[in-house]
Amino acid sequence: MSWREMLGAEDSELPVSQNSQNTHNAPTNNHSAYSAHSAEQESKLLEVLSSVCHGLIVNPREVRDALSSEDVEDWCNGGISATTLLDFSQLLAQRKEIQQGQVPAHFTKQAVCLVCGPIWFDAVKVLTTCPWCYNRLSNRPIPRPIDVRCADCDHFKRIEHPRLGHCAKGLSEPIVGLWDSDRRHCEWYLPVKKSNN
Ligand code: SF4
Ligand SMILES: [Zn+2]
């Protein structure tokens, strides 16, 4: 995925992300000046990325590897500004934090993703998809800003009792099972899928 696609995707996922400064210099499509990706250019790019990655949890090599050959070509032609590289690097860092189950520092608000449930985000809002969807789809935990009820969770399997059930994720529970309305802190909670009927 190129930096354009990634930042574009982020715009749709994170409409008010503090990482998006909207100050990018518009990249140009001038590819003519680029002839070969030299070792010198590679070294210069890593030097720039070294400065850009300062204070982030991604290193210059990780950012470099996430750039496509077209991205590098654009950068060689002056089509990608340092600001854009910074935005891209911040986005990579944010994704890495999320994949590790860490809440990015600017995700200080409680939002709701219709498929992930309550999430930490940078704005109070309802989303159809969110940055945490990656964790949901790759079976990773999602830190929750509030306690949840098993009764509302897709992993809750009721038994022949009006209020009890078991956790299909195998999380610890009393021998008798889980009481559906008890609130608990659970990073594996997923909202019950709504039927269209
Ligand atoms: S995943 Fe968490 S919220 Fe869902 S049933 Fe298991 S313990 Fe309850
Ligand atoms: Zn989501």
Side-chain angles (χ1 to χ4, degrees), residues 1-22 56-58 62-63 66 86-197:
M1 179 179 283
S2 75
W3 67 270
R4 286 190 186 87
E5 292 168 318
M6 200 158 167
L7 289 175
E10 182 68 0
D11 283 345
S12 64
E13 288 173 353
L14 304 176
V16 290
S17 170
Q18 292 173 4
N19 281 341
S20 297
Q21 303 300 316
N22 296 323
L56 300 179
I57 66 164
V58 286
E62 287 175 282
V63 178
L86 177 61
D87 281 350
F88 182 69
S89 303
Q90 287 176 329
L91 181 56
L92 281 179
Q94 177 181 291
R95 289 197 171 188
K96 188 173 178 180
E97 284 181 296
I98 285 173
Q99 285 173 19
Q100 293 175 349
Q102 298 171 23
V103 180
H106 62 288
F107 278 22
T108 57
K109 306 277 194 330
Q110 179 189 328
V112 175
C113 169
L114 294 180
V115 277
C116 295
I119 53 165
W120 288 109
F121 194 50
D122 62 2
V124 177
K125 63 191 309 175
V126 176
L127 303 155
T128 51
T129 60
C130 77
W132 298 100
C133 282
Y134 176 87
N135 288 29
R136 176 176 50 79
L137 294 169
S138 56
N139 198 31
R140 293 169 195 250
I142 300 175
R144 300 295 182 180
I146 56 169
D147 289 346
V148 292
R149 299 188 322 159
C150 292
D152 305 323
C153 177
D154 203 42
H155 300 306
F156 185 64
K157 303 304 171 199
R158 291 188 180 277
I159 58 176
E160 290 187 13
H161 183 283
R163 306 304 301 271
L164 289 170
H166 294 291
C167 175
K169 289 296 282 184
L171 301 188
S172 69
E173 58 179 52
I175 294 175
V176 293
L178 297 160
W179 195 259
D180 61 0
S181 60
D182 280 354
R183 293 202 168 269
R184 68 192 70 247
H185 186 78
C186 184
E187 298 188 337
W188 294 98
Y189 165 88
L190 282 181
V192 173
K193 294 184 184 76
K194 295 255 184 338
S195 146
N196 291 327
N197 299 326

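One-based numbering along the sequence shown. Counting starts at 1 for both ligands and their atoms, in listed order.
- Within the structure, ligand 1 has Arg184 among the residues with a heavy atom less than 4.0 angstrom away.
- Geometry note: the Zn ion (ligand 2) is the vertex, Cys133 SG and Cys116 SG are the arms, and the angle is 110° (rounded to 10 degrees).
- Ring centroids of Trp179 and His161 are separated by less than 6.0 Å, placing the two rings close together.
- Between the side chain of Arg95 and the main chain of Pro131, no donor-acceptor pair closer than 3.5 Å is present.
- Protein N/O/S atoms found under 2.8 Å from atom 4 (Fe) of ligand 1, listed by chain and residue number: Cys153 SG.
- Between the Arg144 side chain and the Pro118 main chain, a donor and an acceptor come within less than 3.5 Å of each other.
- Distance alone, capped at 3.5 Å, places no donor-acceptor pair between the Asp154 side chain and the Leu190 backbone.
- At a heavy-atom cutoff of 4.0 Å, ligand 1 is contacted by no atom of Arg149, backbone or side chain.
- Here the side chains of Ile57 and Glu97 are in contact, with some heavy-atom distance below 4.5 Å.
- The pair Arg163-Asp180 meets the salt-bridge criterion, with a side-chain N (NZ, NE, NH1 or NH2) lying under 4.0 Å from an Asp/Glu carboxylate O.
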Quiz item: For Glu62 and Lys96, what are the C-alpha separation, side-chain angles and deciding distance, and is it a salt bridge (Lys or Arg N to Asp or Glu O under 4.0 Å)?
Solution: CA-CA 11 Å; Glu62 287 175 282; Lys96 188 173 178 180; 3.0 Å; yes

